[in-house]
Amino acid sequence: MEFVLIAIAIVLVALVAGVGLLVGRGRRTTRLDDDAAAGTTLTRPRPPAAPPAPPEDRPAGATASGLGLAPAEPDAVAPEAPPTVDLPPAVPEPGLVFETPPPSAGRLVRLRSRLARSQSSLGRGLLTVLARERLTEDDWEEVEETLLAADVGVAATTQIVERLRTQSMVLATATPADLRALLVRELTAVLGPDLDRTLGTDRREGRPGVLLVVGVNGAGKTTTVGKIARVLVGDGRSVVLGAADTFRAAAADQLETWGERVGVMTVRGREGADPASVAFEAARTGVEAEVDTVVVDTAGRLHTKSGLMDELGKIKRVVEKVSPVTETLLVLDATTGQNGIVQARVFTQAVDVTGVVLTKLDGTAKGGIVVSVQRELGIPVKLIGLGEGADDLAPFEPEAFAEGLVGGAD
């Protein structure tokens, strides 16, 4: 009887011990599950692999079972070598094709026929008067009026008339072709053929050049920035665009669309963000990407708001902490005439404007505004817009522009 009781006691002890072990294991599993549910990823280490046999004892390609070695422990799983994956050749995303803009060289020669409306009030008007057999004082007054009406400006008009007067004897016997050549030469002379019109877009000290674009709303500033990107890409340069006009809702979207067409990255912020911060990020991105040029579109509020003029100065200071500002272009609407000169003066007080972009010269604009801008501001016109097409922005070439104004030979 005693043996029976002892046996029962042993069985009870064994059952209690087994139940305790199972409960403990269940608790550890639950704890791991709770951690996983809380977002914690637990990585279990792999068991160590069995040490490999010496090379002389294991032939190449042999397995452990083939050598009669003791089998590994059930829990010991040898790490598998990663499988070899043959990747297919990279192919471009379907439908993703970047446009290839033409180079900027020679654009103005190809586009000078767009000055047809301007030449009717300047070039052709002058040719009509100068072709008369004998020029009277009334004729010279008509020449002056034609030049002034074309926004050439008083100083430039006086210079042109005086130079033409000294050649009055030549004009009396000149053929139409000679007369046209003479007029082209005189107009070219007042357009500043010796001014430096190169864009400062080169890298400096291992950092990209930064091109700031300023101007009032409505002058075509954001569109001009997109076209400048195309000019630079067409000339083989890498570009980053900065959409720092955060006050106009569509400005960033518009600029991003221009960039996507030619494969250019656009840095933008939320609507109403600090424009200087967006410009800073664009410059920093350009440095990290090691591009050639960063083009920043700034806010284009009215030039009468002094606070916004101060903001342009702030953008320039902030950007130069990252990369040098190598060019500041002022965009002017050529159709505004002399009012554009007033706008330009205010902008030059806020930032160091190094070049002017005249837009909408293919419409009702008077071509002489180029002369006025340069003489009044002492700043060269570097780019002109001669149409609404994507590649209708051209580097300014005085002789080609004068030929377009005079017309008659393409």
Side-chain angles (χ1 to χ4, degrees), residues 108 112-195 197 332 334-342 344-345 356 358 360-382 384 386 396-410:
L108 184 53
R112 66 188 182 193
S113 61
R114 306 286 179 85
L115 297 170
R117 294 185 181 180
S118 292
Q119 76 185 29
S120 64
S121 62
L122 178 58
R124 289 180 180 174
L126 291 176
L127 286 175
T128 301
V129 176
L130 296 176
R132 294 168 185 171
E133 184 175 352
R134 185 176 179 179
L135 296 176
T136 65
E137 285 302 318
D138 291 339
D139 294 329
W140 288 115
E141 288 182 4
E142 188 174 347
V143 170
E144 290 182 356
E145 292 173 358
T146 302
L147 292 169
L148 292 173
D151 282 334
V152 172
V154 176
T157 295
T158 302
Q159 177 182 339
I160 294 174
V161 171
E162 288 179 353
R163 290 174 64 92
L164 290 176
R165 274 180 176 272
T166 60
Q167 304 178 66
S168 58
M169 296 299 295
V170 177
L171 294 175
T173 59
T175 64
D178 293 337
L179 189 59
R180 179 187 178 278
L182 174 62
L183 190 53
V184 168
R185 185 165 62 249
E186 296 304 324
L187 288 175
T188 301
V190 298
L191 287 170
D194 298 329
L195 294 176
R197 304 179 192 276
L332 296 177
T335 62
T336 60
Q338 294 299 315
N339 187 45
I341 306 296
V342 178
R345 287 199 186 100
V356 174
L358 279 175
K360 308 178 185 179
L361 267 170
D362 61 313
T364 59
K366 301 168 183 179
I369 190 64
V370 177
V371 180
S372 297
V373 167
Q374 293 185 154
R375 282 181 168 266
E376 295 288 336
L377 304 177
I379 301 172
V381 172
K382 295 190 174 183
I384 58 174
L386 293 170
F396 183 74
E397 302 170 26
E399 185 174 357
F401 185 79
E403 290 178 346
L405 289 179
V406 174
D410 274 329

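None of the values given here were measured: they were computed from a predicted structure. Quick note: residue numbers are just sequence positions, from 1.
- Annotation: side-chain hydrogen bond (donor to acceptor under 3.5 Å, both in side chains) contacts of E397 (sequence neighbours excluded): none.
- Put simply, the residue from E142, E141, E145 that forms a side chain to side chain contact (heavy atoms under 4.5 Å, CB included) with V129 is E142.
- Side-chain atoms of E186 and Q159 form no donor-acceptor pair, as typed in the model, at a separation below 3.5 Å.
- Heavy atoms only, all atoms of each residue included: A156 and R375 are closest at CB-NE, 3.5 Å.
- The two residues V381 and F396 make their nearest non-hydrogen contact at O-CB, 3.5 Å.
- Of all non-hydrogen atoms in A402 and L187, the two that sit nearest each other are CB-CB, 3.9 Å.
- Scored by the side-chain hydrogen bond (donor to acceptor under 3.5 Å, both in side chains) test, E144 finds no partners at all (sequence neighbours excluded).
- In terms of modelled atom types and a separation under 3.5 Å, the side chain of S372 and the main chain of V152 share a donor-acceptor contact.
- Annotation for W140 and V161: closest pair CE3-CG1, 4.1 Å, computed over non-hydrogen atoms.
- With sequence neighbours excluded, no residue satisfies side chain to side chain contact (heavy atoms under 4.5 Å, CB included) with T128.
- Here R185 pairs with nothing under the side-chain hydrogen bond (donor to acceptor under 3.5 Å, both in side chains) rule; sequence neighbours left out.
- With sequence neighbours excluded, the residues satisfying side chain to side chain contact (heavy atoms under 4.5 Å, CB included) with E376 are I341, R345.
- Every side-chain hydrogen bond (donor to acceptor under 3.5 Å, both in side chains) that E137 has, sequence neighbours left out, goes to R165.
- Residues V184 and T188 approach most closely at O-OG1, 2.7 Å, considering heavy atoms.
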